[in-house]
Amino acid sequence: MNTEQIDVLVIGAGPAGSIAAAMVQKAGLSVRVVEREKFPRFVIGESLLPRCMEVLEDAGLLEAVKAKNFQEKFGAKFMRGEDIFDFNFTEQFTQGWTWTWQVPRADFDQTLIQEVQRRGVPVSFETTVTGITFRDDESSVTTVTHTDGSTEQLDARFVIDASGYGRVIPRLFNLDKPSSLDPRKAVFAHVQDIHRHEFDEPNRIVVVMYAPGVWVWIIPVSPTVTSMGFVGSFDFFDSIPGDLGAQYKTLIQAHPYLQKRFGDSPWVFEPRKLEAWSGTTTSFFGKGYVLTGNVTEFLDPIFSSGVMFATVSSHRAATLAIRKLKGEAVDWEKEYTSVLQQGVDTFRTYVMAWYDGTLEKIFFSKNPDPMIKRQICSVLAGYVWDEENPFVRDHRGSLERLVKLIDLQQKLMSLN
């Protein structure tokens, strides 16, 4: 069996793996990427956040993405019937990027990993990790199997697990644990958005409140194609007869806005489903490895935080791994887990506030305070580590106090 010695093994060639590999290679260390799937491959989750941009830039991948001319994204729009609440990323509290992209993920992910390959990083696709043995000195031997049945051993000083839903290390070492969020389901497709310019400009993600606890994403991913998905409880979808295609048609036809915009739109592909996506692990790191992206925790698609957490966590993990391999002491709990958990906990508060109606009350309140709107906008742009922002620093308390103030204002207005 062949054995290769490397400084860092990266498991997974998605955005998290590409960022990690690019950072390690940039630091002058040897790195190898192994990926179970064949690229390009379809992945849902097409909407990025501005916080991704500085990570792409530092990893040296931004120009390669710019060259693809993906659909630009300037903000997010929330719709409830005739009510609209619009966030523009230029009007945010935290200094940072004010735009990003909406991307076909197959093309986006392929662009990142091809740029990593262009720099000389070896990437093995259709390669499955079948076992990992960690030594006392934290180095490891990983056994992988290729499509032809041949096996190979990779002797690495450190492992970065960016395997996403594959969750390689958590599954091998029984680190998985359930999320605190309720399980949900999405039914989605890409459609030919033939009426787009009759309704909305394409530089926003549009979120439609469909029913209590049910919402719709509308993400323009190209000049003619839009990703549209319905998210709700299992009980909600069980109440709609038919297969996925029939359910998708029924849901479109039952909503006035969706019926007018998408009622006669051809589908690029038949509707698909994604179920019970939320999950986490008992630890984000261990002796000889670190977990990044969706391997750590995936929350919910409502605020498009998936790729943002994948890229930011992988950037930080790779930076700390480089320091460790160059002889510096790294406090993984303080410098990685605690920092990452701050962002995850902030977004978890907003996800829960979305489903319990708190954010609906805030978004559609009369005469919103401009500064508060800017502070919440920064959260939705992915700047969930800016503790100068009270809606980050005390995310739960700030939302609770704001809702109480809105309730009081509405009560006073009703008395006048």
Side-chain angles (χ1 to χ4, degrees), residues 42 44-48 70-89 100-105 184-233 235-274 300-304 354-355 357 359-366 368 380:
F42 177 82
I44 199 66
E46 302 99 338
S47 194
L48 310 186
F70 290 126
Q71 174 67 54
E72 293 180 341
K73 172 185 173 183
F74 300 152
K77 184 180 297 184
F78 294 83
M79 298 178 58
R80 183 186 64 181
E82 298 297 320
D83 296 327
I84 295 176
F85 194 65
D86 200 355
F87 286 101
N88 191 315
F89 293 142
T100 185
W101 287 290
Q102 297 170 147
V103 298
R105 279 290 303 279
R184 294 186 175 87
K185 177 177 178 178
V187 176
F188 60 90
H190 283 185
V191 301
Q192 293 290 343
D193 197 353
I194 57 180
H195 301 298
R196 178 186 297 168
H197 293 284
E198 301 171 28
F199 291 88
D200 299 288
E201 47 87 10
N203 299 103
R204 295 278 195 282
I205 178 175
V206 178
V207 174
V208 177
M209 303 188 71
Y210 192 91
V214 182
W215 60 277
V216 186
W217 76 66
I218 300 174
I219 304 173
V221 294
S222 78
T224 60
V225 175
T226 287
S227 173
M228 180 172 61
F230 297 83
V231 180
S233 67
D235 287 343
F236 171 76
F237 287 104
D238 288 343
S239 70
I240 303 171
D243 59 14
L244 293 181
Q247 289 182 332
Y248 200 71
K249 287 180 181 178
T250 298
L251 290 168
I252 292 172
Q253 296 299 328
H255 190 279
Y257 174 86
L258 300 178
Q259 194 280 328
K260 289 179 183 178
R261 181 166 173 179
F262 300 109
D264 60 348
S265 296
W267 299 345
V268 177
F269 58 75
E270 290 288 317
R272 307 176 186 182
K273 67 178 180 179
L274 183 63
D300 192 271
I302 176 58
F303 299 121
S304 305
W354 170 259
Y355 285 105
L359 286 186
E360 178 182 359
K361 185 172 289 188
I362 292 171
F363 287 174
F364 299 107
S365 62
K366 302 292 185 181
L380 301 187

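All figures in this text were calculated on a predicted structure; none of them were measured in a lab.
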Applying side-chain contact (heavy atoms from CB on, under 4.5 Å), name anything that partners D243, two or more places apart in sequence or on another chain.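 In terms of side-chain contact (heavy atoms from CB on, under 4.5 Å), with neighbours along the sequence ignored, D243 is linked to A246.
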For Q259, all residues meeting side-chain contact (heavy atoms from CB on, under 4.5 Å), sequence neighbours excluded: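 Expected list: Q253.
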Between [X] (side chain) and [Y] (backbone), is there a donor-acceptor pair under 3.5 Å?
X	Y	answer
S365	P368	no
Q247	F237	yes
N203	E72	yes

Salt bridge (charged side-chain N to carboxylate O under 4.0 Å, His left out) partners for K249, two or more places apart: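 With neighbours one apart ignored, the set is empty.
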Results of salt bridge (charged side-chain N to carboxylate O under 4.0 Å, His left out) for D264 - residues two or more places apart only: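 D264 satisfies salt bridge (charged side-chain N to carboxylate O under 4.0 Å, His left out) with no residue once adjacent residues are dropped.
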Flag the pair [X] / [Y] as yes when at least one side-chain heavy-atom distance between them is below 4.5 Å, and no otherwise.
X	Y	value
P202	H197	yes
Q71	V221	no
K77	I84	yes
R196	T224	no
H255	V216	no
M209	W354	yes

To the nearest 0.5 angstrom, please state how far the [atom1] atom of [X] sits from the [atom2] atom of [Y].
X	Y	atom1	atom2	value
S227	Q102	OG	CD	9.5 Å
L359	L380	CG	CG	8.0 Å
F262	I252	CZ	CD1	7.5 Å
L274	R184	CG	CZ	13.0 Å
F188	E46	CZ	CD	8.0 Å
L251	M228	CG	CE	9.0 Å

Apply the test side-chain contact (heavy atoms from CB on, under 4.5 Å) to residues V207 and I302: give CA-CA distance (whole Å), side-chain angles for both, the deciding distance (0.1 Å), then the verdict. CA-CA 8 Å; V207 174; I302 176 58; 3.9 Å; yes
In chain order, what residues pass the ring-ring contact (aromatic ring centres under 6.0 Å, His included) check against [X], with sequence neighbours excluded?
X	value
Y248	F230, W267
F85	F87, F363
H190	F42, F269

Do you know which of V103, I219, T100 makes side-chain contact (heavy atoms from CB on, under 4.5 Å) with S47?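 When V103, I219, T100 are each tested with S47, the side-chain contact (heavy atoms from CB on, under 4.5 Å) holds only for I219.
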Please identify each residue that fulfils side-chain hydrogen bond (donor to acceptor under 3.5 Å, both in side chains) with [X], with sequence neighbours left out.
X	answer
K260	none
E198	H195
R272	none
R105	D109

Between K73 and L48, does the side-chain contact (heavy atoms from CB on, under 4.5 Å) criterion hold? Intermediate values first, please. CA-CA 8 Å; K73 172 185 173 183; L48 310 186; 5.9 Å; no
For ring-ring contact (aromatic ring centres under 6.0 Å, His included), just list the numbers for F199 and Y257, CA-CA rounded to whole Å, side-chain angles, deciding distance to a tenth of an Å, and then say yes or no. CA-CA 9 Å; F199 291 88; Y257 174 86; 5.5 Å; yes
Which heavy-atom pair separates A186 from V231 by the least distance, and what is that distance?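 The pair with the smallest heavy-atom distance is CB-CG2, 4.0 Å.
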What are the two closest non-hydrogen atoms of L244 and P271, and how far apart are they?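 Looking at all heavy atoms of both residues, the shortest contact is CD1-O, 3.8 Å.
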Restricting to pairs with a member in residues 211-229, which pass salt bridge (Lys or Arg N to Asp or Glu O under 4.0 Å), not counting sequence neighbours?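 The answer is none; no pair qualifies.
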Test W215 against F78 for side-chain contact (heavy atoms from CB on, under 4.5 Å), laying out the working first. CA-CA 10 Å; W215 60 277; F78 294 83; over 6 Å; no
